[in-house]
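The structure under discussion appears below in the form of structure tokens.
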Amino acid sequence: MRKGLSVPALVVVGMLGAQGVAAGHGTRETTRVVSKSGSDSGNCVGAPCSTIGYAVAQARDGDTISVTAGTYAESVRIEKQLTLVGHDATIDAKGFDNGIVISGAAAAETAVRGFTIQNAGLEGIFAVQTTELEISGNTLHHNDAYGPFHPLCANQPDDCGEALHLQSVTESTVSDNLVRDNVGGILLTDENGPTSENTIDHNEVLDNLLDCGITLASHWFQPGAPASADVAGVYDNRVLDNTANGNGAAGIGVFAGPPGAAAYDNLIKGNTAMGNGIPGVAIHSHTPFQNINHNIVVKNRLAGNGPDDDVPGDDQPTGISVFSAVDPIPETIVAKNRISDEHFGIFAVHAVELSGLHSNKIDDSVAVPFVIG
């Protein structure tokens, strides 16, 4: 017998079963079950309940909600730390703004895994003002259905939050999701504070026909100077090893919108972006007082994308565009990318320094490897 653990204590731990004991805290962590054959009564432990929302209401911090096969017509809001696991489970959010909302500091460390989420008017998954999330192994399709240009699309008139949206979220992981046939794909923004140190990796973002595949967009507005890191900005995020093909705008975009916006120090590495409506990777600054410096675009594979209609002169298919309408961008690293089947390989306007430019592997199928303006 281990020293300090009495026989009665061992018996209690064994009786907890699925409820468990949180290491170092002494708090019970329960697995609650949702099933189409269940009933919304009790605590979803001894017998399953029938809706995810009811199980969330019964749950305590640290609990797991296991959702069995079937389609659940609901919208789920999470404001505590939970793990949601779907087993061939679909959330059909038709008639609702969102499929899943993860909101607030108390929801930090929440995980959502294994769901199909469809038909939300706004985002399929919307995370706001929280941290350390894991969103993995989900399928999102036919979401963002109100957009574009719907009155509820408050953030920007041309998007409704996309299928999966991190708004003022930090230190989170979005991985191994299939994001397909929505208005737009994955979106990171900063309306309520910084969105930073997130990892977006190994997702398939395909055929989202009216907007970008993966978008890092600062929407912060303030006159006079770009947002400081403690106030707002989309920075220090990692977009790694994703496939972003067949989307309506950029495969991967880094954008600063209003004065004060800041989208900088982001790493875009090892992705594939083909057949998108504008360049495979696009970096844009549109107004004064922005920071869109030192974004890193390396080792991506780009082919068969469209022109960038925001960039003067970029009227032919383009692999990578780097553009500022007003203030020059001090440095962008564009290195070791493989570009083929484009007219322009790399098209840059008001980009003072493009580090690593000549390390890119540009195929003979590209008519004009570089345009530097």
Side-chain angles (χ1 to χ4, degrees), residues 75-82 96-112 120-135 140 143-144 146-148 150-174 183-200 211-212 214-239 253-266 284-287 289-292:
S75 177
V76 178
R77 187 174 186 89
I78 301 169
E79 296 179 324
K80 61 189 86 171
Q81 190 262 305
L82 299 175
F96 298 101
D97 289 347
N98 304 105
I100 296 176
V101 177
I102 308 167
S103 179
E109 301 182 50
T110 285
V112 176
L122 302 177
E123 300 95 340
I125 298 177
F126 179 39
V128 58
Q129 291 183 281
T130 189
T131 189
E132 295 184 73
L133 306 179
E134 178 202 332
I135 300 171
L140 294 94
N143 298 288
D144 198 20
Y146 294 158
H150 189 280
L152 289 178
C153 303
N155 295 326
Q156 295 286 307
D158 64 342
D159 74 59
C160 283
E162 318 292 47
L164 196 162
H165 186 182
L166 306 185
Q167 179 176 303
S168 303
V169 170
T170 61
E171 298 179 64
S172 296
T173 300
V174 175
V183 168
I186 298 173
L187 175 65
L188 281 66
T189 65
D190 61 345
E191 286 84 352
N192 306 104
T195 288
S196 65
E197 299 179 73
N198 300 293
T199 299
I200 314 299
D211 220 319
C212 296
I214 301 171
T215 307
L216 285 64
S218 176
H219 294 160
W220 191 262
F221 170 77
Q222 65 180 39
S228 59
D230 59 325
V231 171
V234 179
Y235 58 88
D236 287 337
N237 299 289
R238 297 164 296 277
V239 180
V254 180
F255 304 131
Y264 59 93
D265 286 344
N266 298 292
H284 290 177
S285 172
H286 290 282
T287 62
F289 312 120
Q290 296 184 333
N291 179 3
I292 199 162

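Residue indices begin at 1 and follow the sequence shown.
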Looking only at side chains, do T199 and T173 share a donor and an acceptor under 3.5 Å apart?
no
Contact summary for [X] and [Y], nearest pair of heavy atoms:
{"X": "T287", "Y": "P258", "result": "OG1-C, 3.2 Å"}
{"X": "L133", "Y": "A127", "result": "CD1-CB, 3.5 Å"}
{"X": "D97", "Y": "A120", "result": "O-CB, 3.6 Å"}
{"X": "L164", "Y": "I135", "result": "CD1-CG2, 3.9 Å"}
{"X": "A229", "Y": "Y235", "result": "O-OH, 2.6 Å"}
{"X": "P226", "Y": "Q290", "result": "CB-C, 3.8 Å"}

Practice problem: Answer whether the closest heavy-atom distance between the side chains of V169 and N198 falls below 4.5 Å. | Solution: yes
### Message
What I'd like to find out is whether the side chain of E197 reaches to under 4.5 Å of the side chain of T170, using heavy atoms alone.
### Response
no
* Asked: Can you list the steps and then say if S218 with D190 is a side chain to side chain donor-acceptor pair (under 3.5 Å)?
  -> CA-CA 6 Å; S218 176; D190 61 345; 2.8 Å; yes
Residues passing the side chain to side chain contact (heavy atoms under 4.5 Å, CB included) test with N192, sequence neighbours excluded, are V128, Q129, Q167, S168
Chi angles and distances behind the side chain to side chain contact (heavy atoms under 4.5 Å, CB included) call for V239, I186
CA-CA 11 Å; V239 180; I186 298 173; over 6 Å; no
_Test side chain to side chain contact (heavy atoms under 4.5 Å, CB included) on I78 and I100; report intermediate values, then the result._
CA-CA 8 Å; I78 301 169; I100 296 176; 4.0 Å; yes
Output for pair (L140 CG, E123 CD), nearest 0.5 Å, gives 11.0 Å
By salt bridge (charged side-chain N to carboxylate O under 4.0 Å, His left out), E171 pairs with (sequence neighbours left out) none
Does the pair N237 and I200 meet the rule for a side chain to side chain contact (heavy atoms under 4.5 Å, CB included), with working shown? CA-CA 8 Å; N237 299 289; I200 314 299; 5.9 Å; no
